[in-house]
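All remarks here apply to the structure that follows.
Sequence lines set the chain letters: A, B, ... in the order given, protein chains first and strands last, and positions in each chain run from 1.
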Amino acid sequence: MSLKAPPELIVFQQMADVPYNWSLGREGSLFLIALRDEKKFLGIKCPSCGKVYVPPRKVCGPCFTANSQWVEVGDEGVVTAFSVVNYRFTDPATGLPREVPYTFAFVRLDGADTKLCHKLAETDPARLKVGMRVKAVFAEQRTGNIEKDVIHFRAVQA
Amino acid sequence: MLDEVAIVGVGQTKYERRKIGETFADLVFEVTNKALEDAGITIRDIDNVVTVSNDFQDGRTISSMAVMDACGAFGKNVSTVEGDGTLGALYGLMRVLSGAFETTLVVAHCKCSEGDQDLIWNSAFDPVYYRRLGLEAVSASALQARRYMDKYGVTGEQCALVPVKNHRNARANPWAQEAMDLTVEEVMRSPVLASPLKMLDAAPLSDGACAVIFANRWKAGRMTTKPVWVRGVGHCADAYYLGDRDLAGVDSLTGAAKRAYGLAGIVDPRKEIDVVEVFEAFGYQELMWLEGLGFCDPGQGGVFTAGGNTLMDGPWPVNPSGGVLSAHPGLVAGLVRIAEACLQVRGDAGARQVDGVRTALAHGTNGLCGQGHCVWVLGG
Amino acid sequence: MTDFQSGVEPMVYSGRIRMPYQWSAGETGSRFFTQLRDYGRIWGSRCRVCDLVFVPPRKVCGRCLNGIGEWIELPPAGVLQTFTVVYRHRPAIHPADPPFAYGIIRLDGADSGLIHLLGEIEPGEIVSGLRVQAVLKEKRERRGDILDIKYFKPFSA
Amino acid sequence: MAQRVAVVGFGQTHHKSNRGDVTGIELINEAVRRALEDAELGPGDIDAVVIGNMDHFENINLADMWGVEGTGGYLKPVMKLTTGGTTGTTVAIAGYYHVASSLFDVVLAVGWEKNSESDTTGGTITAFDPVWERFSFPGALPGLALDAVVYMQKYGVTEKDGARVAVRDRANAARNPYAHLRDPITVDDVLRSPMLSYPIKLLDICPRSDGAAALILAGEEKARKICRQPAWIWSVSVCHNYTYTSDVNFGYLDTLEQACRETYKKAGIKDPGKEIDVIEMYQPCSFAGLSWLEAMGFCGPGEAPGLLWDGATDAGGDLPVNPSGGVLNANPIGATGTIRVGEVARQIQGRAGACQVPEVKTGLATGFGGCYWSDVLLLGNRPR
């Protein structure tokens, strides 16, 4: 033993950055094509229990049945839960802090049984409530991307 | 392990370079249904599920979350192994052996085309000491290949016999990705990736999924007339740092094989095993793994292979499916070896069937340069 | 199954996982790296139970799980155990343009090999068993990481 | 042939916000060596190793292979499992099946995490769907907040009720030398702490910790030789139903209810409130300590605050919850579930030191994570 305690701790820093190309599958693709080309939301229905999934997926988990029928759902719906996000954190898609505040919400579109995750235009908690009706605000230029083709959902005046 | 747990169904996708039309969940749903159909049962007959996936390959922490509905796990006991598919299968087997479950579905998925393999494999190197050197799986395997060839005098031509044989075998396998006729000269002339490894020494990148269903004796008897019994299984890990190991050695494979053979009551694998499916991501690995499995002495893998012993019509056909060199869907590849060994024992391997298979061996590896291994012995 | 959606153009979402990480080298690793950076010395550690000298050094022996208290300074020279010349071009991770070489070097007195780059040698001249020595970066360029060693080159007395 | 399984050893690190003095491998090794010392075993006595963590918290691929240096898995069978927040209980359960299958007799199960090495919220977000959820999903906090809000509105539960849970757990943590947070707090301290996501305030939520924990599990014959009082595993269940966060039924953790129901049934438990003596639950925020007790069947809907204020869940009460101080006071994510199992085992063995509660014959450990998934293990002082 001929060394003293180290004068410092060495810490290695790295920005890990791994690109991915995630396939959307036939269901996800068809949904996004309809959103991009026709500003329409599609749901996919389980032939067994009748549940309408938005966003779409191939399998109804509880039934273990392939969803097989497309239905058009509304571009309006109900906020089932929300949270105004004020705290800072790293967005793992960019490695940078995500811009806050923003409102994260689960929206059940009219005619759907499951909820879509998206953002709300309003960030004042006093003007938000569970059960409020909201409508999608579409981007002018759409590319088949749920984040960007729908800018956010905004409140519908009763 | 005599007639305790059997494989009663298997399912595979076609392995392809880019399955862009399908999500992970779609692939899992496909093979789950195929395996259920193969076993002649429905999802209601399955009482628990083990999924296999890798968070780096999927670009997703908790990569199994994406497939919970597609593997039929809703309402069932389910868990996830991150490692080669042979290890997921082992956990599925344990759950049946414990008496807690009767029928386990094991399903593995991976789409090597969706991520960047070099970045993903670089992340397996220690971030403190070695990651900055930029090592990845090809360079690391090249260090192993060089050491193996130098230590024992194995030649590049002997290693090249493996891709020649396996791509030729793949012509009889409808699921394989790269079936072709090659010559040793073509392998030797292919571009060098990292010496001594050349393009045609290496496995392609594949997307795919595989499912295997295990059942206890009672259930197996009711499900199928052709149960394939698990006779023995063993797994083992070597030291992590590549510099701590003699990379030409196969200590952990010897350990895994010893355990599997012990459980299966196998004294001499050369006399008792009829067909072998190994996880060879590079040609040289098949030679090394045959040494570790006891089919030849250390350093003799090249001579053994050059002697025609591992050809389809040889005494110990190795990788009649075409092996991992013909389709490499990442950590699915080990589970594919089990599925293929199972089909061989059943006599259901179609054009790639080896005559008179009573006992088959399946092998998977985990980590870099065969740090970990898992060995299965299956019998009719 | 119905083909009610055949002919759909399959879409792919191109994204990334981009996250900052910070890994501490811990006290043992920090000793190794500060000694390398400040004095250009390479230290290993010896497990007295297994009688093995490890480089990089360990706080605990991975074989017997006993703590390792003994540090051993190793000469910056040893024998090349194996090597590869890399011809693939992956600038996102590789530290040099191809062709460049990696080797595993067993430093004199060590029982484990150190992975590093090889330099000052033509690819065709590299052979296993070659005696090599470490070439360090200039002191002012050393930052306390493994690349403070530039590479290993053929030994010259 | 199947065999009964017991926990015969447990070791954990002193959990802290940053263990920069060690690498992940060295951190794992601290817990492993403590578990071996606890069971008075050497590395040669271990037949197999099970390990788990969450990959994108440390960005180490194949951490089982890397971790061989710390676990003592050299030339041993090693397997990695990962299921997100439930990883710690998943490895314990996998260790259980390793032994129960009779393929192995003595198994080491290790959970670990170095949360100081990344942004925990960013890492958590990578667990969710990259296309449909990741761009808007803001981490674990809002989901827990939604869960709490629905429950509070339904039963008139208040922020003060949540605060009382946090105060109880901190008082317990003060007696646990391994806990990350140990300074006692008051209800007022909790109520005055910064609001993060209504109703969750800083002192209502778990910290992010560096830590590791290791269990040693053994088959019946070995267990009796290794220790005088093994902690027998009676039954285990998991429920991982959901694929997307939007599938979750916020306000009621139905996966926990299902997993508990199965666990009790397998072990022949009819009245969990009377038959279970201690609970260590994966309680990521104070409010979960109320509604989840109801999901576990310890009281009726809306009755948990009553139990709490009566002192029943305090260390000296009839139904002590989190005598170790729980997750609110140490949360090295991949290890968190493993610690729950280890703490219950210690209680059953009567070796929980200052955290010991009287007369523990049975105890329940839970895991939480993934997409509102639940794991449950029931342990007892006799084989069953």
Side-chain angles (χ1 to χ4, degrees), chain A residues 1-37 42 44-45 47 55-56 58-59 65-71 89-98 142-149, chain C residues 1-39 41-48 56-57 59 67-74 90-93 95 142-148:
Chain A
M1 193 61 187
S2 58
L3 298 173
K4 291 179 299 189
E8 62 181 307
L9 284 177
I10 300 269
V11 178
F12 296 104
Q13 300 193 330
Q14 185 201 355
M15 183 65 86
D17 188 6
V18 184
Y20 288 94
N21 292 300
W22 289 289
S23 290
L24 283 143
R26 290 180 181 81
E27 288 73 17
S29 300
L30 204 110
F31 176 93
L32 289 176
I33 289 166
L35 183 69
R36 179 189 71 192
D37 298 346
L42 297 181
I44 192 164
K45 193 170 180 176
K58 190 179 222 91
V59 187
T65 301
N67 296 323
S68 58
Q69 189 191 346
W70 286 102
V71 291
F89 58 90
T90 302
D91 187 332
T94 62
L96 303 169
R98 185 175 287 174
R142 294 178 305 280
T143 59
N145 176 312
I146 187 69
E147 176 187 3
K148 294 183 176 130
D149 290 1
Chain C
M1 218 181 295
T2 57
D3 60 350
F4 71 108
Q5 54 198 15
S6 59
V8 174
E9 150 205 354
M11 297 184 78
V12 169
Y13 177 79
S14 296
R16 51 208 320 119
I17 291 183
R18 190 166 192 274
M19 287 262 286
Y21 288 93
Q22 51 278 322
W23 299 279
S24 175
E27 289 178 354
T28 302
S30 295
R31 239 176 224 185
F32 174 81
F33 286 116
T34 51
Q35 284 286 314
L36 179 62
R37 179 193 65 192
D38 299 342
Y39 307 105
R41 292 176 173 169
I42 300 173
W43 290 81
S45 60
R46 176 168 167 265
C47 173
R48 288 173 206 197
K59 184 178 182 184
I68 296 181
E70 188 180 341
W71 286 80
I72 299 216
E73 187 179 354
L74 295 164
R90 288 310 314 267
I93 60 163
R142 298 203 290 255
R143 300 187 337 202
D145 71 33
I146 196 68
L147 290 170
D148 287 353

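- Residues satisfying the side chain to side chain contact (heavy atoms under 4.5 Å, CB included) test with A:A16, not counting sequence neighbours, are C:Y21, D:N59.
- Heavy-atom pairs under 4.5 Å with chain A peak, among C:P10, C:G15, C:A92, C:S24, at C:G15.
- A donor-acceptor pair is defined here as one N or O able to donate and one able to accept, closer than 3.5 Å; no such pair exists between the side chain of C:S14 and the backbone of A:N21.
- In this structure, CH2 on A:W22 lies 9.5 Å from CZ on C:R16, to the nearest 0.5 angstrom.
- In this structure, the side chain to side chain contact (heavy atoms under 4.5 Å, CB included) partners of A:L96, at least two apart in sequence or on a different chain, are A:T94.
- Open room surrounds NZ on A:K45; 12 or fewer heavy atoms of other groups in view lie less than 6.0 Å from it.
- Across all their heavy atoms, C:M11 and A:T143 have their closest contact at CE-O, 3.9 Å.
- To the nearest 0.5 Å, atom CG of residue A:D17 and atom CD1 of residue C:I93 are 13.0 Å apart.
- With chain C as the partner, the residue from A:N145, A:I33, A:T90 showing the most heavy-atom pairs under 4.5 Å is A:I33.
- Shortest non-hydrogen contact noted between A:F12 and C:D145 is CE2-CB, 3.3 Å.
- Residue contact with chain C, scored on non-hydrogen atoms closer than 4.5 Å, involves the backbone of A:D91 exclusively.
- When heavy atoms are compared at a cutoff of 4.5 Å, A:T65 does not approach chain C at all.
- Nearest heavy-atom pair across C:M19 and A:M15 is C-SD, 3.5 Å.
- Heavy atoms only, all atoms of each residue included: A:S29 and C:V8 are closest at CB-CG1, 3.8 Å.
- Here C:P20 is the residue among C:G29, C:G144, C:P20 with the most heavy-atom pairs under 4.5 Å with chain A.
- Distance check, rounded to the nearest 0.5 Å: OH of A:Y20 to CD1 of C:I17 gives 5.0 Å.
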